[in-house]
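These notes are about the structure you will find just below.
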Amino acid sequence: MFIGHWAPALAAAAASKRSPGIGTLFIAAQLVDWAFFALLLVGVEQMRFSPGISVMNPMDLYHIPITHSLLGSAGFAAAFAGLIWLVSKDRTAALIGGAVVLSHWFLDLLVHVPDLTLAGSPPKLGFGLWNHPMIEMPLELGITMGALWWYAKERRPAPLRVAVLAVVLLALQAVNWFGPVEPEVTVGTSLLAFFAYGLATLVAWWMGKSESTQS
């Protein structure tokens, strides 16, 4: 799951006007992966590229006990919710932000081959939709574009900005699915991930800035 992780962010913004801003929610949706690629840089968590480990994704996430355990993800969710509460004093916004962070693990559970854990040690979990492209691809596109449509309907941002975000998300997903496979993990692996997450978040924030002028 890649751009599909932003579907809960868009849905949360559409469902409640007390939710944090869409830029904040985009950070929440990928916070677990922001942390993973940071920990990968310093060697705390580990992965390698192993083409064939699944049909769609060559990443062998063989040591991700902190970020991709349910317990670890819940810890990130609680910390993010606490930060939102400290800034806004809005319990509802904090709970929504935390829920979006936690959604990451459950969406990963659908697509990952077994590499997720409950608390950092086996059993390893994953339903493996990465091995079923004809299910995973329309699912990911459907939930993301459906959530974007709902967000646009409820929040009425500038249509051009919605279209730009849609194009950016689709372009990032195309690179993720069809781009070249790196031969090995390098510093550039994390930097590329940070660029992709940052770009999508920046465009989402820019889109969100137009909400009030269109409502």
Taking C-beta and beyond as the side chain, do Asp90 and Trp85 meet within less than 4.5 Å on heavy atoms? no
Contacts of type side-chain hydrogen bond (donor to acceptor under 3.5 Å, both in side chains), residue Ser69, not counting sequence neighbours: none
Have Asp108 and His5 got a donor and an acceptor in their side chains that come within less than 3.5 Å? yes
I'd like to know if the side chain of Thr67 and the backbone of Phe36 have a donor-acceptor N/O pair within less than 3.5 Å. no
Would you say the side-chain atoms of Ser19 pair up with the backbone N or O of Ser16, donor to acceptor, closer than 3.5 Å? yes
If Ile, Leu, Val, Met, Phe, Trp and Tyr residues are connected whenever their side-chain heavy atoms lie under 4.5 Å apart, and connections chain through other members, are Trp150 and Leu169 in the same group? no
Under 4.5 Å between any side-chain heavy atoms of Pro8 and Leu107, yes or no? yes
Which atom of Gly198 lies closest to which atom of Trp34, heavy atoms considered: N-CZ2, 3.7 Å
Using modelled atom types only, decide if a donor and an acceptor are shared between the side chain of Thr189 and the backbone of Val185 within a distance under 3.5 Å. no
Centroid-centroid under 6.0 Å between Phe26 and Trp205 rings: no
With no hydrogens and no angle check, just 3.5 Å: does a side-chain donor-acceptor pair link Asp33 and His68? yes
Steps toward side-chain contact (heavy atoms from CB on, under 4.5 Å) verdict (Trp130, Val55): CA-CA 6 Å; Trp130 276 337; Val55 172; over 6 Å; no
Report yes if the side chains of Leu148 and Met207 come closer than 4.5 Å at any heavy-atom pair, otherwise no. yes
Would you confirm whether Glu140, through its side chain, and Gly4, through its main-chain N or O, come within 3.5 Å as a donor-acceptor pair? yes
Are the side chain of Glu154 and the backbone of Lys17 linked by a donor-acceptor contact shorter than 3.5 Å? no
Do Val168 and Ile143 sit in the same hydrophobic cluster, where Ile, Leu, Val, Met, Phe, Trp and Tyr count as joined when their side-chain heavy atoms come under 4.5 Å apart? yes
Under 3.5 Å, is there a donor-acceptor pair between the side chain of Arg155 and the main chain of Ala13? yes
Heavy-atom nearest pair, Leu25 first then Gly97, reads CD2-CA, 4.3 Å
Ile3 and Leu141, any side-chain heavy atoms less than 4.5 Å apart: yes
Check Ile135 against Leu129 and note the closest heavy-atom contact, atom names and distance. CG2-CD2, 4.1 Å
Leu202 reachable from Trp6 in the ILVMFWY side-chain graph, under 4.5 Å edges: yes
Which atom names give the shortest non-hydrogen contact between Phe194 and Ala38, and what distance separates them? CZ-N, 3.6 Å
Should Trp149 and Leu170 be regarded as members of a common hydrophobic cluster, given that ILVMFWY residues are connected when their side-chain heavy atoms come within less than 4.5 Å of each other, either directly or indirectly? no
Does Val100 offer a backbone N or O that forms a donor-acceptor pair with the side chain of Ser103 under 3.5 Å? yes
May I ask you to decide if Val187's main-chain N or O and Ser190's side chain share a donor-acceptor pair within less than 3.5 Å? no
May I ask whether Phe106 and Leu10 are part of the same hydrophobic cluster, defined by side-chain heavy atoms of I, L, V, M, F, W, Y residues being less than 4.5 angstrom apart, directly or through others? yes
Polar side-chain atom of Arg48 near backbone of Glu184 as donor-acceptor pair, under 3.5 Å: no
For a quick test of reading the model, state the closest non-hydrogen atom pair linking Glu45 to Ile64 and the distance between them. OE2-C, 3.1 Å
Identify the heavy atoms of Ser54 and Val113 that sit nearest to each other, and give their distance. CB-CG1, 3.7 Å
When you look at Met56 and Glu136, which way does the side-chain contact (heavy atoms from CB on, under 4.5 Å) test go after all the steps? CA-CA 9 Å; Met56 296 182 65; Glu136 199 284 333; 3.2 Å; yes
Step by step, would you call Leu165 with Trp206 a side-chain contact (heavy atoms from CB on, under 4.5 Å)? CA-CA 9 Å; Leu165 179 61; Trp206 174 68; over 6 Å; no
Counting heavy atoms not belonging to Phe49, are there more than 12 under 6.0 Å from its CZ? yes
Roughly how far apart are Ile27 CD1 and Thr201 OG1, rounded to 0.5 Å? 5.5 Å
Applying side-chain contact (heavy atoms from CB on, under 4.5 Å), run through Phe80 and Thr24 and close with a yes or a no. CA-CA 10 Å; Phe80 198 77; Thr24 300; 3.8 Å; yes
Side chains of Trp105 and Leu125: closer than 4.5 Å at any heavy-atom pair? yes
Pairs under 3.5 angstrom only: tabulate donor-acceptor contacts from the side chains of residues 117-124 to other protein residues two or more places apart or in another chain.
{"unit_1": "Thr117", "atom_1": "OG1", "unit_2": "Gly120", "atom_2": "N", "d": "2.8"}
{"unit_1": "Lys124", "atom_1": "NZ", "unit_2": "Tyr62", "atom_2": "O", "d": "3.3"}

